[in-house]
Amino acid sequence: MAEDNCQCGESGFKKLAEYIRQFPDKKTALIKVLYEAQHIFGFLSKDVMLFVADKLDVPAAKISGVVSFYSYFTTTPKGRTQIKCCMGTACFVRGAEKIISRFEEKLNIKRGETGADLEYSLDSLRCVGACGLAPVVLVNDQVFGKLEAADVDTILANNQG
Amino acid sequence: MLKIANFRDLDKAYAEFKPRMALRTEADHKSFAKRELLICGGTGCQSSNSLILLEVLKKEIKAAGLEDQVTAHITGCFGFCEKGPIVKVFPDDVFYVEVGVDDAAEIVESHLKNNTIITRLLYKDPAQGNKPIASHHEMDFYKKQMRVALCNCGLINPEEIEEYIAAGGYQALALCLEKKKPQDVVQEMKISGLRGRGGGGFPTGIKWEVAAAQPGPVKYMVCNADEGDPGAFMDRSILEGDPHSIIEGMAIAAYAIGSDRGFVYIRAEYPLAIQRLQRAVDQSREAGLLGKNIFGSGFSFDLELKYGAGAFVCGEETALLRSIEGGRGEPTSKPPFPAQSGLWGKPTIINNVETLANVPQILRRGGAWFASFGSEKSKGTKVFALAGKINNVGLVEVPMGISLKDIIYEIGGGIKNGKKFKAVQTGGPSGGCIPAAELDINIDYDNLIAAGSMMGSGGMIVMDEDNCMVDIAKFYLDFTMEESCGKCTPCRIGNKRIHEILTNITEGRGSLEDLEKLKNLAEVIKDTALCGLGQTAPNPVLSTMKHFWDEYVAHVVDKRCPARVCTHLLDYFITDSCVGCGLCKRGCPVSCITGNKKEVHVIDNALCIKCGSCISKCPTKSIVRQ
């Protein structure tokens, strides 16, 4: 999650500019810079992408191309609680589909979506490599494993409480 | 601060740190005057609170006044991920599984103070009537294993360079720089017979030879740590559990080909692996084991981490290179091969994490030693990630050529819940399924290809009778369709069409004609796609069609899913155990359930949309799918 004081823009841009300064070879640093930018702002808005384009001296179109190519980057804001369901094979054969469907049902959003109140986002994720715990869900990067559909209700209840 | 400026410094450091390993490696330490606890700090065990457990253990040890006799610290993955968190006690060789934070006090009081093993926390072997197994080395899971790439995982603390040096680390690099010419290193690798562990199985020594023969002063050494196959996690475990071995392996490779700069392309989804590797790189640089004039030998090498950002295609060599250059990770056609023209047009070697973890061991013990295990054309050992419907989920390292049956039944402990084995999927989205009839196959690169699958990075997903093979094929196509970069038409459009046909089949709209179409389309994509991702994407379809043709026919002709997975092909029934509570009726979104209070209800399957809401609501489990 981005820290609150970085959401307001200016201090976030300052932080990003400082991060960019450490790279002697600016052109090859693009992905790392976008990674950091997303970490600071929570998502990559048009303004952020234009800022990066300017600082790295890379065409904005190229930045847009890179951002849209990689699934890690998002151009829309995410919810305060980010739920990511692993849909790797190990989780899939142990019933990940039931888990993510349960979240969809309970949160009333589809996978890939964020609720209108920006409370929750729900995403599917490629393998996180914790196959021993399948099926696995990440709630704001905290790992929950060996889940059954009923555990979804508990996770959400605890998160609200 | 540790500084290693020449070969003698390393010898001195080794002599200084080696005693750290005494309790862990020497058999004659049975006085138990001193003990060491190693707690798994890998992603799996960490998410089961192993780090909190470590802190509590340390506190309890202190409270019991045992600080001088007992130390506790983290280590890398033991591989037995199913039963984490794991605590191993040295020198006792006792292996505690599923240890909770609440168990810490008892471990200290009972085991450390009173020398009484806690039976409750031992692994109980279902194959031996749930007999508790006290000794780590007597567990079936470990008996047939042989650890080379994973030799330090579960033995050393991955966060301290001193531990790696104590285990003989950086001696292979020293040996190469002091006594071997680059061509000797290449020769040793050729003798070892090591083949690329990322999937392709290309001989590593030959790859290095090609790059070494290229003219020019600028060459690059790249480590592919973008472990993308879902269900494979050996690279993550090595990066988390033994990061210095990758640095040493890369430095050796760089010396062999004449490179002074390296990159590790690592998945952003592996935050812990990134953190451990970065820490290891910083430590090595500080000690002088990375940077200019390593060991005072004149050889210089440094490396940098580059993040992958969630694109499966970037596991393909040329796509990976484009991504490191800072662009979209789209593959380019080969030749030219990266060893001739790679990063920024310069000769570049790309080796996978597991391949590189083997390199220091091979150089220290000799190529002939490594070649003495394995099968005729696949030498050494291989790490497999066992997952899915198997009792012992985890990482295992075994000699090549071991039978699939041994892996699944001896090491893996058989199928979960006593179900029937159906197939094992190897090679990830590019691989295929091996059915029960071929369980006797000896696992190596060539046998797997002959069986219509492939080695891939070593993921093995076990499926039982409850898995539908059409559904599994659709799952993989869903994955490759999503991950296709879109550059070439066969992959971009063809795989989407395959996915559509599979969706039709699983939803009851398929025909025999579709199966024919599916097969033809799959063959065409295989022959015409640009890169490895596209060419292998239809493999899961072709291999499931080959081995489970009947299941496809059942879906399209009888409109039936034999494994009862494809919800559109199932009918719902309420059995006589129904108590007539009405919960299902009220929860049904299409109101297709009727019945009076306290009487058995009925589902109208003509109206039912097979959503399953009634099943999850029924308190008496009276609703069945058939």
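What you see below is based on every heavy atom in this structure, not just the backbone, and it leaves out hydrogens, waters and symmetry mates. These numbers come from a predicted model, not from an experiment. To find a chain, count down the sequence lines: A is the first, B the second, and so on, and within it residues start at 1.
Within the 4.5 angstrom heavy-atom criterion, atoms from both the backbone and the side chain of B/E330 approach chain A. If you measure heavy-atom distances from B/K416 to chain A, the contacts under 4.5 Å come from the side chain alone. Heavy atoms closer than 4.5 Å to chain A are found nowhere in B/L386, neither backbone nor side chain. For A/V128, the part sitting under 4.5 Å from any heavy atom of chain B is the backbone (N, CA, C, O) and nothing else. With a 4.5 angstrom heavy-atom cutoff, B/I390 touches chain A only via backbone atoms. Residue B/Y307 touches chain A through both its backbone and its side chain, counting heavy-atom pairs closer than 4.5 Å.
Considering only heavy-atom pairs separated by less than 4.5 Å from chain A, the leading option among B/A387, B/A268, B/G612 is B/A268. If you tally non-hydrogen atom pairs under 4.5 Å between each of B/D471, B/I324, B/V313, B/V462 and chain A, the highest count goes to B/D471. Between chain A and the options B/G388, B/S48, B/C81, B/A232, the largest number of non-hydrogen pairs under 4.5 Å is found for B/G388. The greatest number of non-hydrogen atom pairs below 4.5 Å with chain A, out of B/G44, B/G394, B/G327, is found for B/G327. With respect to chain B, the highest number of heavy-atom pairs below 4.5 Å among A/A130, A/A90, A/G65 belongs to A/G65. The most heavy-atom pairs under 4.5 Å with chain B, out of A/C131, A/G88, A/S101, come from A/C131. With chain B as the partner, the residue from A/R102, A/R126, A/Q142 showing the most heavy-atom pairs under 4.5 Å is A/R126. Ranked by heavy-atom pairs shorter than 4.5 Å toward chain A, the options B/G310, B/G231, B/A309, B/P230 are led by B/A309. Note: A/V93 leads A/V93, A/L30, A/V143 in heavy-atom pairs under 4.5 Å with chain B. Between chain A and the options B/S323, B/A273, B/G459, B/S613, heavy-atom pairs under 4.5 Å are most frequent for B/S323.
Remark: the backbone N or O of B/G326 is not paired with any side-chain donor or acceptor of A/T28 at under 3.5 angstrom. Judged by distance alone, with hydrogens and angles left aside, the side-chain atoms of A/Y70 form a donor-acceptor pair with the main-chain N or O of B/G329 at under 3.5 Å. With hydrogens and angles ignored, the 3.5 Å screen pairs a side-chain donor or acceptor of A/K32 with a backbone N or O of B/L305. With A/K62 contributing its side chain and B/R328 its backbone, the two residues share no donor-acceptor pair below 3.5 Å.
When the shell of 6.0 Å around NZ of A/K55 is examined, it contains 12 or fewer heavy atoms from other residues, nucleotides or ligands. By the 6.0 Å contact criterion, CG on A/N108 is open, its count of non-hydrogen atoms from other residues, nucleotides or ligands being 12 or less. Remark: B/R564 CZ is loosely packed, at most 12 non-hydrogen atoms of other residues, nucleotides or ligands lying under 6.0 Å away. Within a 6.0 Å sphere centred on NZ of A/K146, other residues, nucleotides and ligands contribute more than 12 heavy atoms. Counting non-hydrogen atoms of neighbouring residues, nucleotides and ligands closer than 6.0 angstrom, the CD atom of A/E148 reaches no more than 12 such neighbours. Atom NZ of A/K26 has more than 12 neighbouring heavy atoms from other residues, nucleotides or ligands inside a 6.0 Å radius.
Here A/R94 pairs with B/E82 in a salt bridge; the nearest charged N to carboxylate O distance falls below 4.0 Å.
Atom CD1 of B/I472 and atom CZ of A/F92 lie 5.5 Å apart (nearest 0.5 Å). Interatomic distance, CD of B/E269 versus SG of A/C86, reported as 10.0 Å (0.5 Å rounding). A distance of 6.5 Å separates OG of B/S616 from CD of A/E105, quoted to the nearest 0.5 Å. Between atom CD of residue B/E482 and atom OG of residue A/S71 there is a gap of 8.0 Å, rounded to the nearest 0.5 Å.
Taking 4.5 Å as the limit, every side-chain heavy atom of B/F479 sits out of range of all side-chain heavy atoms of A/T89. A/F69 places a side-chain heavy atom less than 4.5 Å from the side chain of B/C485. Looking at A/L133 and B/S47, their side chains come closer than 4.5 Å, going by heavy atoms from C-beta outward.
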